[in-house]
Amino acid sequence: MNLVSETNEIDIEDIGCPACGSGDGVVVRDDLVDVEDRIQGRYAISRCKECSLVFLSLRPTSEALPRCYLPQYHVQDAARQGMLSRTLYGIRAHVRRRRMLAATRGQLQSLLEVGCGDASFLRHLDEHCPPNVSLVGIDLQAPDIREGRLQVGRGERETLIIENQFDTVVLFNVLEHLRNPGDSLRRINSLMTPAGILFGEVPNWDSVWRKLFPHHWQGLQIPRHMTFFTPTTLRHTLEAAGFEVVRFRGSFDPGDLAVTLCNWITDRLRLATPPRKAWFYLPVVLCTTPAAWLVRLVTGKSGCIEFTAMRRTERDQTT
């Protein structure tokens, strides 16, 4: 691991594969910049020759990483409280809850959301789940909430210190942010009851829009995204952490095209306004959603991988 540059207090390191530790990787791109939040620095993505994982090989150090998340990072953005935004996010929360309950077969007693952001999904669950279900969330920038069964606190997602055990853990667009997703998944595994369910989503490196917009694809989120999964590498990562994959599903993500286009427009026009705050952001989301749906239907490629995995018992792991 070598420290290679320092730009505006963002120290950058050159690393090997975070999954298998191999230092033998093929550089996929070495000219990437932050087109969303404009964090200074140039970053590189490599593909491991040993395990095929795609990862950010020139990335911020652990000490510098918190400075890559601005106070107005989009999951904390006050603009999400507008009527249209609340409606759209409410629909997404409803769909996620229904799919999560299907994955757990309705057997939900205790849930942990890692990387809960503004805790909007947990608040949605608080309104719609039976009162006996405990709800816990953790995030680096989470609001501090202690409201009955709903408990949310700030903390490092990669150094979880929680005494409870949960039958369900959800990670929506979290694994890609973690410096070592395998280690983090093993910690999460230790917090789960036997045969507990892990449910979540990650951006899909095989997205059509990533191939068409290699510098502006919203799934890059340089330098905040550390790992870029395909179904194959996601399966390997989950299995190595003690999980058995139950199902992968390509889930529809309208933002995969919409945010990508907004990134491209603001970059080409050199606009000072961040893409997600531009006046055209929501119109682009609404206008491109049918096209994104059609492309997913025709190509079978989705911008997001939804995964359901089950914690293997000790007996399963030794047989």
Side-chain angles (χ1 to χ4, degrees), residues 29 32-39 45 68-70 72-97 99 115 117-118 120-121 124 171-177 200-225 228-230 249-306:
R29 293 203 169 272
L32 295 170
V33 297
D34 184 1
V35 297
E36 290 205 35
D37 289 345
R38 296 34 175 326
I39 298 297
I45 288 176
C68 297
Y69 290 86
L70 301 180
Q72 66 271 24
Y73 182 56
H74 65 86
V75 296
Q76 307 289 345
D77 195 345
R80 290 164 63 104
Q81 301 308 312
M83 182 177 296
L84 180 57
S85 293
R86 287 205 314 271
T87 299
L88 294 175
Y89 284 115
I91 293 172
R92 185 179 70 175
H94 173 77
V95 171
R96 282 179 170 176
R97 173 173 58 87
R99 294 202 56 76
D118 61 1
S120 57
F121 182 63
H124 174 84
L171 304 109
F172 295 119
N173 299 301
V174 172
L175 281 181
E176 65 272 18
H177 287 265
E201 298 173 350
V202 294
N204 185 1
W205 177 255
D206 288 337
S207 165
V208 171
W209 311 117
R210 194 269 304 173
K211 297 173 183 177
L212 293 177
F213 298 91
H215 290 82
H216 300 92
W217 178 52
Q218 67 93 22
L220 291 177
Q221 277 280 317
I222 301 294
R224 290 163 293 280
H225 286 185
F228 308 94
F229 294 100
T230 65
R249 173 180 176 270
S251 58
F252 177 59
D253 177 14
D256 193 45
L257 173 57
V259 178
T260 298
L261 281 179
C262 289
N263 289 344
W264 182 81
I265 292 169
T266 54
D267 190 29
R268 283 302 181 95
L269 298 180
R270 301 183 183 278
L271 301 180
T273 305
R276 295 176 192 258
K277 293 181 178 293
W279 67 266
F280 50 79
Y281 173 62
L282 281 177
V284 168
V285 172
L286 295 175
C287 291
T288 59
T289 294
W293 177 265
L294 181 61
V295 169
R296 176 181 179 271
L297 187 66
V298 171
T299 66
K301 298 288 186 180
S302 174
C304 193
I305 306 170
E306 177 189 284

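Atom set for the values below is all heavy atoms of this structure, side chains included, hydrogens, waters and symmetry mates excluded.
Nearest approach of C304 to N204, heavy atoms of both residues: N-CB, 4.0 Å. Across all their heavy atoms, P290 and C287 have their closest contact at CD-O, 3.5 Å. Closest heavy-atom contact between D256 and S207: OD2-OG, 2.7 Å. Of all heavy-atom pairs between A258 and T288, the closest is CB-OG1, 3.5 Å. When all heavy atoms of Q218 and Q221 are compared, the pair lying nearest together is O-CG, 3.4 Å. Shortest non-hydrogen contact noted between P214 and L32 is O-CD2, 4.0 Å.
For residues 201-210, the pairs satisfying salt bridge (charged side-chain N to carboxylate O under 4.0 Å, His left out) are R96-E201, with sequence neighbours left out.
Residues satisfying the salt bridge (charged side-chain N to carboxylate O under 4.0 Å, His left out) criterion with E306, sequence neighbours excluded, are R99, R249.
Ring pair W264/F213 is perpendicular by interplanar angle, where above 60° counts as perpendicular and below 30° as parallel. In this structure, H124 and F121 have parallel ring planes: the angle between them is below the 30° cut-off, well short of the 60° mark. Between W217 and W205, the two ring planes are perpendicular [angle over 60°; tilted spans 30° to 60°].
Residues F228 and V202 are not in side-chain contact: their nearest non-hydrogen atoms beyond the backbone lie 4.5 Å or more apart. In this structure, the side chains of R92 and F172 stay at 4.5 Å or more apart for every pair of heavy atoms.
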Less than 3.5 Å apart, which donor and acceptor atoms pair up between the side chains of residues 265-275 and the rest of the protein, not counting sequence neighbours?
residue: T266; atom: OG1; partner: C262; partner atom: O; Å: 2.8
residue: T266; atom: OG1; partner: N263; partner atom: O; Å: 3.2
residue: D267; atom: OD2; partner: H216; partner atom: NE2; Å: 2.6

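Between R224 and D34 a salt bridge is recorded (basic side-chain N to carboxylate O distance below 4.0 Å).
A donor-acceptor pair is defined here as one N or O able to donate and one able to accept, closer than 3.5 Å; such a pair exists between the side chain of D118 and the backbone of S120.
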**OP:** Determine, step by step, whether V35 and L220 satisfy the side-chain contact (heavy atoms from CB on, under 4.5 Å) criterion, reporting the C-alpha distance in whole Å, the side-chain angles of both residues, the deciding distance to 0.1 Å, and the verdict.
**Re:** CA-CA 10 Å; V35 297; L220 291 177; over 6 Å; no
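Within the model, atoms CD1 of I305 and CG of L175 stand 10.5 Å from one another, a figure rounded to the nearest 0.5 Å.
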